[in-house]
Amino acid sequence: MPGGSGTSHPSLLFRQLFEKESSTYTYLLADLSDPDKPAVLVDPVDRTVERDLNLIKELGLKLLYAINTHVHADHVTGTGLLKTKLPGVQSLISKASGAKADHYVEHGDKIQFGSLYLEVRATPGHTAGCVTYVSGEGPDQISPRLAFTGDALLIRGCGRTDFQGGDPAQLYNSVHSQIFSLPEETFLYPAHDYKGQTVTTVGEEKLYNPRLTKDLEGFKTIMSNLNLAYPKMIDIALPSNMKCGIQDESNGSTGSSL
């Protein structure tokens with residue numbers, strides 16, 4: 001099916017792409033029923049911009065938005081490069097992130113591409129500005145629904161909470177209220193996976209996630225004892241990603257609401 005992974009919608013094009021150095025997934029979605037084939041790209045990586053551009057060109061898509069789930073600490077976003085190579089593309093990130101972009105989104109906003117849309121759900125806790133993008137609800141939208149969770153929820157795991165304004169209690173509440181509240185058949189697509197897994201569902205994670213199936217105090221105990229190494233790319237990635245992946249700050253945008 002065009003949507004992949006059992007997702008059904010006659011006009012959806014969906015691709016899951018991988019960047020091996022940071023184990024990052026990038027997601028391409030487009031509405032093929034629209035003459036322009038409008039598309040969005042979720043969590044692009046600077047190292048794979050040429051790959052993504054070639055695919056977009058081959059498929060005849062019109063990329064509207066390059067969007068990030070949060071300010072990444074483990075790689076430089078490809079958003080800035082995409083804007084320089086494909087005029088007209090708009091960068092997008094949450095207002096709470098504090099980063100530069102063409103447009104800022106907040107909880108409840110909709111990102112339209114053709115007849116399809118992604119709903120913005122605020123899911124802070126890994127960082128203060130994390131959001132999850134969820135496919136629209138209704139008979140004319142994608143079914144089962146898709147959710148792009150960034151680092152808030154990983155397959156059988158979650159993002160760390162020890163830097164960038166992270167807060168374990170906030171992350172726990174975000175996942176349970178904004179992601180686990182979705183229908184159990186909803187497909188969940190994370191920003192990363194380090195074990196070769198590609199997709200999970202709300203139902204699976206509610207049963208098998210070893211961290212988020214605990215109560216809040218149990219979760220906080222786990223998160224405070226991870227003893228993770230300092231991210232090796234953070235000193236390069238964070239300053240760049242706060243400026244949409246552009247090294248020269250003069251190229252940044254102060255942004256506007258979507």
Side-chain angles (χ1 to χ4, degrees), residues 19 22-27 41-46 65-80 91-109 111 118-134 147-155 157-180 188-194 205 209 211-212 216 219-220 222-224 226-246 252 255 258:
E19 195 285 306
S22 59
S23 297
T24 300
Y25 285 122
T26 297
Y27 301 98
L41 195 64
V42 181
D43 286 336
V45 180
D46 62 342
Y65 299 113
I67 66 182
N68 285 288
T69 52
H70 64 292
V71 176
H72 304 276
D74 53 2
H75 67 271
V76 176
T77 177
T79 307
S91 59
L92 188 154
I93 200 166
S94 73
K95 187 175 182 179
S97 71
K100 292 190 174 184
D102 294 313
H103 297 291
Y104 297 133
V105 292
E106 297 181 88
H107 184 84
D109 286 346
I111 305 165
L118 297 177
E119 170 197 338
V120 179
R121 294 194 174 200
T123 50
H126 169 62
T127 75
C130 284
V131 295
T132 291
Y133 299 108
V134 185
F148 302 94
T149 59
D151 288 10
L153 181 65
L154 305 177
I155 299 172
C158 64
R160 62 197 293 177
T161 57
D162 57 336
F163 64 97
Q164 282 185 277
D167 183 303
Q170 190 177 48
L171 178 58
Y172 187 90
N173 290 329
S174 291
V175 171
H176 280 266
S177 66
Q178 301 301 323
I179 299 174
F180 283 179
L188 304 179
Y189 290 97
H192 304 281
D193 189 83
Y194 308 97
E205 295 306 311
N209 191 295
R211 299 178 184 178
L212 288 152
L216 175 57
F219 178 75
K220 288 165 66 175
I222 291 171
M223 299 308 291
S224 64
L226 292 178
N227 299 315
L228 297 172
Y230 187 72
K232 62 181 181 179
M233 279 288 293
I234 189 171
D235 294 328
I236 297 172
L238 278 187
S240 180
N241 290 340
M242 290 298 290
K243 298 178 288 188
C244 195
I246 298 295
L258 186 67

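Fair warning: this is a prediction, and the values are worked out from it, not measured in the lab.
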For a quick test of reading the model, state the closest non-hydrogen atom pair linking [X] to [Y] and the distance between them.
X	Y	value
A99	I93	CB-CD1, 4.1 Å
K220	P168	CG-CB, 4.2 Å
P190	I155	CG-CG1, 3.9 Å
A73	F163	CB-CE1, 3.6 Å
Q178	A122	CG-O, 3.5 Å

Has the side chain of [X] got a donor or acceptor atom that lies under 3.5 Å from a matching backbone atom of [Y]?
X	Y	answer
S94	G129	yes
N241	V71	no
D109	E106	yes
T26	D43	yes
R211	I222	no
H126	R160	yes
S174	P124	yes
S91	D102	yes
S240	I236	no
H176	L212	yes

Can you find a pair of side-chain heavy atoms, one from [X] and one from [Y], that are under 4.5 Å apart?
X	Y	answer
H192	D74	yes
P44	T77	yes
I67	I111	yes

Mind telling me whether Y65 and H103 have parallel, tilted or perpendicular rings, with 30° and 60° as the class edges?
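The arrangement is perpendicular - the two ring planes meet at more than 60°.
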Could you label the plane-to-plane angle of the H75 and H72 rings as parallel, tilted or perpendicular, counting under 30° as parallel and over 60° as perpendicular?
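Tilted.
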Could you please spell out the steps behind the side chain to side chain contact (heavy atoms under 4.5 Å, CB included) verdict for C158 and L171?
CA-CA 9 Å; C158 64; L171 178 58; 4.1 Å; yes
How long is the straight-line distance from [atom2] of [Y] back to [atom1] of [X], given to the nearest 0.5 Å?
X	Y	atom1	atom2	value
D193	T24	CG	OG1	11.0 Å
F219	S224	CZ	OG	10.5 Å
L188	I179	CG	CD1	7.0 Å

For Y189 together with Y27, are the ring centres under 6.0 Å from each other?
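Distance test on ring centres: under 6.0 Å, yes.
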Quick one: which residue pairs count as a salt bridge (Lys or Arg N to Asp or Glu O under 4.0 Å) with a foot in residues 169-180, not counting sequence neighbours?
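Output for this query is empty, none listed.
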T123 pairs by side chain to side chain donor-acceptor pair (under 3.5 Å) with which of T149, D151, T132, N173?
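Exactly one candidate clears the test, T132.
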Walk me through it: do L238 and Q164 pass the test side chain to side chain contact (heavy atoms under 4.5 Å, CB included)?
CA-CA 9 Å; L238 278 187; Q164 282 185 277; 3.1 Å; yes
